[in-house]
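Throughout, a chain's letter reflects where its sequence line sits, starting with A, and its residues are numbered from 1. These numbers come from the heavy atoms of this one structure, side chains and all, not from hydrogens, waters or symmetry mates.
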Number of protein chains: 2
Amino acid sequence: MPMKLTRKRREHLQRRREVLESALHLFSRKGFEETTMAEIAERAEFAVGTLYKLFKDKRALYRALILDTMQEYEETLMAALNVPGTESEKLNRYIEAKTSMFVRRIPTARLYFGQTTGSLFLPAVGLDTEGRAMHQRLMKQVEAVLRRGIRKKVFVNIDPAMLVLGLEGVGNAFLVELIDRPDDFTAEEMASLIKRIFFDSVRTSAVNE
Amino acid sequence: MPMKLTRKRREHLQRRREVLESALHLFSRKGFEETTMAEIAERAEFAVGTLYKLFKDKRALYRALILDTMQEYEETLMAALNVPGTESEKLNRYIEAKTSMFVRRIPTARLYFGQTTGSLFLPAVGLDTEGRAMHQRLMKQVEAVLRRGIRKKVFVNIDPAMLVLGLEGVGNAFLVELIDRPDDFTAEEMASLIKRIFFDSVRTSAVNE
DNA sequence: CTAAAACGTGAACGAGCGTTCATGACTTGT
DNA sequence: ACAAGTCATGAACGCTCGTTCACGTTTTAG
């Protein structure tokens with residue numbers, strides 16, 4: 001008897017996954033408004049009505065997708081930050097993890113980026129409270145690492161919340177470029193550029209103009 | 001006789017401007033899809049039909065708005081880059097001009113930012129060729145300044161196209177924050193933070209952990 | 001083997017929105 | 001002052017798309 005329930009459950013979850021995969025493909029390249037339920041259904045080889053058996057409505061489907069995506073992201077990046085080591089090493093690992101994740105799964109990256117940076121101004125489809133909270137937890141963690149580094153005099157004494165902004169800014173700018181031109185860079189090149197520009201000075205120490 | 005033609009023309013342009021102003025307000029806080037022609041008409045105190053006398057369709061209206069906005073932006077920033085001085089001074093003026101423009105005209109900033117950074121992935125409503133070209137010209141100019149600075153050994157020897165990416169990344173990240181929390185920072189504080197993080201090192205010179 | 005419950009299906013519905021156009025008011029030229 | 005042209009108007013049209021639900025098929029239980 002418990003086996004039957006599990007079997008149903010498994011098939012249900014499998015269909016859910018298939019729908020989410022199709023939705024990821026479409027949302028990530030056309031955006032929320034421009035993707036129709038009919039398209040998602042067709043790509044997943046289900047009837048429209050079935051989508052409504054699996055998700056309350058279009059927004060719920062989107063939300064589930066974002067949450068899945070972000071959860072995986074945050075877990076991976078949190079883990080990178082929590083490997084023991086110096087503050088510099090932690091941040092290096094964070095940058096590397098983020099970059100390699102972007103490169104490996106570009107559709108996911110588009111979604112993630114669109115949510116955390118792109119459409120901050122469009123509350124209509126933006127992150128719901130839960131997703132936003134997840135992202136903020138991660139940012140707080142990065143900030144904490146920076147703060148410890150500042151205390152140890154390894155990083156310059158600027159409000160760590162501002163440094164986080166700078167780090168994310170540099171990082172995301174490069175990663176967006178990478179999404180647009182995936183064949184022009186390797187993940188390693190990207191990560192090393194981000195590190196150099198953020199950690200090392202742009203101005204040379206000998207400023208003699 | 002030429003006066004009458006001019007008079008008509010003036011009124012036509014005036015109506016156009018009024019419509020664009022209403023459209024800016026709505027597009028900048030709700031996005032393209034979520035703003036209706038009826039709303040724009042109501043806010044501008046015109047009938048829907050009148051909008052179609054002034055613009056071919058909704059997209060043409062949006063495009064005109066983007067082009068107006070970007071043109072002013074690019075002109076101001078180009079000017080800042082072309083004031084005589086050292087490369088460092090030019091970039092400082094560029095950062096200051098961009099920041100103060102963002103602060104003074106937030107709706108415009110939202111639109112501009114959404115176009116140049118936010119929805120790179122949503123070709124449906126993205127920049128048309130003309131707007132993209134304008135933005136690229138500006139980036140090329142920044143790149144040229146950086147290249148000269150590198151040749152003079154004032155900046156580190158990293159591909160200037162990559163440095164541009166970094167500079168824009170840091171700058172935009174801060175400016176987005178400023179849009180979200182306009183009362184927590186002054187334009188000057190922002191500009192000076194951007195300069196410090198981009199130009200000066202984040203890592204202290206004495207790395208002794 | 002059969003009745004009932006569970007489930008996927010997609011045609012049909014209705015709301016929302018971009019776009020049009022017949023109408024009437026106003027301006028222009030004589 | 002009047003005719004002809006110009007122009008704003010907003011109700012109506014048609015299309016798209018999210019959502020529903022009555023139907024037929026498959027699965028479950030006795």
Side-chain angles (χ1 to χ4, degrees), chain A residues 1-27 29-66 122-125 128, chain B residues 1-27 29-66 122-125 128:
Chain A
M1 191 58 99
M3 212 36 196
K4 274 184 188 168
L5 215 67
T6 315
R7 147 93 181 287
K8 284 265 164 159
R9 190 88 193 118
R10 266 208 316 273
E11 286 180 352
H12 183 86
L13 286 176
Q14 177 55 26
R15 276 194 307 263
R16 231 182 112 96
R17 243 175 288 132
E18 285 174 27
V19 170
L20 285 175
E21 195 192 302
S22 299
L24 170 60
H25 184 263
L26 291 163
F27 281 140
R29 69 190 63 206
K30 311 208 308 170
F32 180 79
E33 295 288 343
E34 290 77 9
T35 301
T36 71
M37 291 299 268
E39 284 175 303
I40 299 173
E42 193 189 1
R43 183 163 230 276
E45 295 178 84
F46 285 114
V48 221
T50 308
L51 301 194
Y52 284 86
K53 289 273 157 64
L54 298 168
F55 301 94
K56 191 179 133 284
D57 56 18
K58 192 185 178 188
R59 295 183 60 94
L61 200 170
Y62 188 75
R63 231 160 56 85
L65 187 58
I66 295 293
L122 308 174
V125 193
D128 54 322
Chain B
M1 189 61 97
M3 211 39 196
K4 274 185 186 161
L5 214 66
T6 315
R7 147 91 183 290
K8 286 264 162 151
R9 190 90 192 117
R10 266 208 315 274
E11 286 180 350
H12 183 86
L13 287 176
Q14 177 56 25
R15 276 194 305 263
R16 231 182 111 95
R17 240 174 289 132
E18 286 174 27
V19 170
L20 285 175
E21 195 191 303
S22 299
L24 170 61
H25 184 262
L26 292 163
F27 280 140
R29 71 187 63 205
K30 309 209 307 168
F32 181 79
E33 296 288 343
E34 290 77 9
T35 301
T36 72
M37 291 299 268
E39 283 176 304
I40 299 173
E42 192 189 3
R43 183 162 230 276
E45 292 178 84
F46 285 113
V48 222
T50 308
L51 301 194
Y52 285 85
K53 289 271 154 63
L54 299 168
F55 302 93
K56 190 179 135 284
D57 57 19
K58 192 185 178 186
R59 294 182 62 92
L61 200 171
Y62 188 75
R63 232 160 57 84
L65 187 58
I66 295 293
L122 310 174
V125 193
D128 54 323

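- As rounded to whole Å, 13 Å separates atom C1' of D:dT6 from atom CD of B:E11.
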Can you give one letter per nucleotide of nucleotides 15-27 of chain C, 5' to 3': B if a protein heavy atom sits under 4.0 Å from the base, S if only from the sugar-phosphate, - if neither? --SSBB-------
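- Nearest heavy-atom pair across B:M37 and B:D57 is CE-C, 4.5 Å.
- Among the nucleotides D:dA8, D:dG10, C:dT9, the one closest to the side chain of B:A47 is D:dG10.
- What separates CG of A:L51 from C1' of C:dC7 is a distance of 14 Å, to the nearest Å.
- Taking atom CD on A:E42 and atom C1' on C:dT9, their separation rounds to 15 Å, with Å as the unit.
- Of all the residues in residues 18-26 of chain A, not one reaches under 4.0 Å from DNA chain D with any non-hydrogen atom.
- The side-chain contact (heavy atoms from CB on, under 4.5 Å) search around A:A44 returns A:V19, A:S22, A:F46, not counting sequence neighbours.
- In this structure A:R15 satisfies the side chain to side chain donor-acceptor pair (under 3.5 Å) test with no other residue, sequence neighbours excluded.
- Not counting sequence neighbours, the partners of B:E39 by the side chain to side chain donor-acceptor pair (under 3.5 Å) test are B:K30, B:T36.
- Remark: C1' of C:dG8 and CD of A:E45 are 14 Å apart, rounded to the nearest angstrom.
- Distance, A:I40 CD1 to D:dT19 P: 11 Å, rounded to whole Å.
- Of the candidates B:R10, B:R16, B:H12, B:E18, B:Q14 forms a side-chain hydrogen bond (donor to acceptor under 3.5 Å, both in side chains) with just one, namely B:E18.
- Rounded to a whole Å, the CG atom of A:L54 is 13 Å from the C1' atom of C:dT9.
- A:Y62 has its OH atom 14 Å from the P atom of D:dG18, to the nearest Å.
- The two residues A:F55 and A:A64 have their closest heavy-atom pair at CE2-CB, 3.9 Å.
- Minimum heavy-atom separation, B:A41 to B:A47: CB-C, 4.0 Å.
- Minimum heavy-atom separation, B:T35 to B:K58: O-NZ, 2.7 Å.
- Between D:dC7 and B:R15, no contact under 4.0 Å exists linking OP1 or OP2 to a side-chain N or O.
- Among pairs with a residue in residues 43-53 of chain A, those fulfilling side chain to side chain donor-acceptor pair (under 3.5 Å) read A:H25-A:R43, at least two apart in sequence or across chains.
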